[in-house]
Amino acid sequence: MFRALVNFYHRLGSPPHFYRISGRLAPWFIGLALVLMAGGLYWGLVLAPTDYEQGDAYRIIYIHVPAAWLSMFVYMCMAVAGGLALVWRMKMAEVMAVTAAPIGAGFTLLALATGSIWGKPMWGTWWVWDARLTSELVLLFLYLGVIALDNAIEDRRLAGRAVGILALVGVVNIPIIHYSVEWWNTLHQGPTVTKFDAPSIHWSMLVPLLVMAVAFMLYFGGTWLLRARNEVLRREGNRRWAMELPEAS
Amino acid sequence: MNRLMWATLRRDLLLAVRNRTEVANRLLFFVLVAAVFPLGLDVERSLLQAIGPSVVWVAALLATVLSVDTMFRSDFDDGSLEQMALGPQPLTVLVTAKVAAHWLVTGLPLVVMSPLLGLFFNLPAHEIGILAITLLLGTPVLSLLGAVGVALTVGLRRGGVVLTLLLLPLYVPVLVFGANTVHLSGSGVDTTAPFYILGALLALAVTLAPPATAAALRISLN
C-alpha cells in the first residue's frame with residue numbers, strides 16, 4: 001500500500017503522467033465541489049437558523065470564512081510545493097507552486113470583499129484596520145508579489161524556483177506579520193469588536209460552514225490541477241508527448 | 001572564512017567611499033521625504049508629534065528599498081558576482097559581508113541622521129532617543145530582507161517595481177514595531193518588550209536571510 005502510494009507520487013512528478021492523471025481527477029474535484037457548494041449554500045442560506053444578534057446578515061459567513069481559511073491554506077500549499085521544488089528540483093513542484101498563487105490571491109480578495117460587505121452593516125464601515133483584516137491585506141500583497149515575480153522571470157524553470165524561495169520567506173513572515181499587526185491593533189483599540197472571538201457556534205450553523213469549507217477546498221484542488229495542466233502545456237508544449245495528445249491535433 | 005568576510009566588507013566599503021555622492025544621495029532622499037511631509041500638512045505641533053515617528057520610519061523604508069538594489073547590481077552586471085559564486089568560499093558569508101557593508105553606508109547614516117528629523121517633528125528628547133534605537137535595531141533587518149528581494153530580482157531587466165512589491169509587505173512587522181515603540185514611549189509605557197521583539201526580529205533575519213539570499217543568488221546567476 002505504502003509502496004503503491006510512493007510510486008504514485010513519483011509518477012506524478014513526470015509531466016505527461018501528471019497531465020493524464022490530473023485530466024481524469026479534475027472533473028471529479030470540480031463536480032463534487034459544485035454539488036457540495038449547492039448543498040452547503042442551501043443549508044446555510046435557507047435552512048440554518050437566523051442569528052439572534054446579526055439577523056440574516058451573518059449568512060455571508062458561509063462564503064467569507066471558507067475563503068479566509070483557504071487563503072491561508074493555499075499559501076501553505078504553495079510554500080510546501082516551493083520547498084519541494086527547491087530541495088528536489090522537481091519540475092511538477094515548480095508548476096504547482098507557481099500556479100497556486102493566483103488562486104490564493106483570488107480567495108484572499110474574496111475574503112476581503114465579503115468581509116468588507118459584512119463589516120458595513122455590522123461595524124458601520126467598509127474597512128477598519130482590524131488585526132485580521134490587515135494581515136489578510138498583507139497576505140494579498142504577498143500573493144501579488146509572488147505573481148509579479150513569476151511574471152517578471154521569463155525562464156519558467158527559474159521562475160518556479162524563485163517563487164519557491166519567496167513563498168518560503170513569506171511563510172516565515174506570515175506569523176510574524178500576523179502577531180505584529182495584532183499587537184499594533186491592541187494598542188490602537190478602537191470602537192470595533194471582533195465578534196468572531198465568541199468561540200462557540202451552534203452546530204446547526206457550523207455544519208453548513210464545514211460543508212462549504214470542504215467544497216471550497218475541493219474547488220481549489222480542481223482549479224489547481226487545471227491551472228497546473230495549462231502551465232505544463234505552456235512549458236512542454238513542443239515536447240513529443242504533448243504533440244501526440246489527442247487534443248493537439 | 002573570516003578573511004573572505006573582511007575582504008568583501010572592505011571592498012564594498014571602499015567602493016562606497018569612492019562613490020560618495022551615491023551614498024550622500026540616499027541620505028538626502030531620506031531627509032527630503034521626511035521633510036516634505038510637514039509641508040503637505042496643516043502644520044500643527046501635536047499632529048506633527050503624532051505622525052513624526054511613522055514618517056521617519058516610512059522614509060527609512062523607502063530609502064532602503066531604493067538603495068538595496070546597489071548591493072548586487074554592479075557586481076552582477078560586470079560578472080564579478082558570478083566569479084565570487086564560483087569560488088570555493090561559502091556564498092552565505094559573502095552575502096553577509098555585502099549586507100553589512102550596505103547597512104554601514106545606508107542604515108547607519110539614517111540612524112545618525114534621525115535625531116535631526118526628530119527635531120523637525122518637534123519630538124521630545126527621549127522620544128528622539130527611542131526613535132534612534134528602534135532604527136538602529138530595525139534598519140539591519142531592512143537590509144537583510146532587502147538582500148533576499150534583490151537576489152531574486154537582480155537578473156531581471158526591470159526589477160525595480162517588482163522588488164518594491166516583494167519587499168514592502170515583508171517590511172510590515174519592522175515598521176509596526178519600529179514606529180509604534182516610539183509612540184508607546186511617548187505615552188509613558190515601558191518599551192523594553194518591543195525592543196526585545198525588534199532584537200528578536202534582527203536575530204531571526206541575521207540567521208535566516210543570508211542563506212535564503214545565497215540560494216536566490218544561485219538561481220539568478222544560473
Side-chain angles (χ1 to χ4, degrees), chain A residues 75 79 82-83 85-87 89 94 101 105 108 129 131 134-189, chain B residues 50 54 138 141 144-149 151-184 186-187 189 193-194 197-198 200-201 204-205 207-209 211-222:
Chain A
Y75 204 97
L86 287 173
V87 176
R89 307 252 167 131
E94 289 165 14
T108 316
W129 289 97
T134 313
S135 43
E136 196 72 9
L137 185 68
V138 176
L139 184 65
L140 179 66
F141 291 150
L142 285 175
Y143 273 124
L144 295 182
V146 169
I147 296 171
L149 183 68
D150 176 43
N151 284 335
I153 303 179
E154 266 166 46
D155 186 314
R156 297 316 302 155
R157 297 227 49 191
L158 293 186
R161 274 188 281 153
V163 161
I165 288 188
L166 188 60
L168 287 180
V169 172
V171 152
V172 175
N173 250 280
I174 283 176
I176 301 177
I177 291 172
H178 181 80
Y179 285 109
S180 71
V181 175
E182 205 152 85
W183 181 81
W184 164 70
N185 177 256
T186 48
L187 270 185
H188 292 226
Q189 193 53 268
Chain B
S54 317
V141 183
L144 284 159
L145 284 176
V148 183
L152 284 172
T153 54
V154 74
L156 308 177
R157 246 160 289 144
R158 272 185 246 288
V161 184
V162 178
L163 179 67
T164 316
L165 279 179
L166 298 190
L167 286 185
L168 285 182
L170 297 179
Y171 282 171
V172 165
V174 190
L175 174 68
V176 165
F177 282 108
N180 285 292
T181 305
V182 188
H183 290 306
L184 210 58
S187 47
V189 184
I197 294 178
L198 276 172
L201 288 179
L204 201 65
T207 24
L208 293 183
T213 311
L217 270 185
R218 289 208 187 278
I219 292 174
S220 286
L221 287 168
N222 198 39

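Keep in mind it's a predicted model, so treat the numbers as computed, not measured. By convention in this document, chain letters (A, B, ...) are assigned in the order of the sequence lines, proteins followed by strands, and residues within each chain are numbered from 1.
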Bottom line for B:L201: the part with an atom under 4.5 Å from chain A's heavy atoms is side chain

Scored by heavy-atom pairs under 4.5 Å with chain B, the best of A:L144, A:L166, A:V169, A:I174 is A:L166

Heavy-atom closest pair (A:S180 atom, B:V176 atom, distance to 0.1 Å) is O-CG1, 3.4 Å

Scored by heavy-atom pairs under 4.5 Å with chain A, the best of B:I197, B:I219, B:L165, B:L156 is B:I219

Cut-off 4.5 Å, heavy atoms of chain B, and the answer for A:L137 is neither

Of all heavy-atom pairs linking B:P169 and A:I177, the shortest is O-CD1, 3.7 Å

Applying a strict 4.5 Å limit to non-hydrogen atoms, the region of A:I165 in contact with chain B is side chain

Cut-off 4.5 Å, heavy atoms of chain A, and the answer for B:L208 is side chain

If you tally heavy-atom pairs under 4.5 Å between each of B:L204, B:L166, B:L167 and chain A, the highest tally belongs to B:L166

Value for CG (A:L158) from CG (B:L152), rounded to nearest 0.5 Å, stands at 11.0 Å

Min side-chain heavy-atom separation B:L170-A:L142 under 4.5 Å: yes

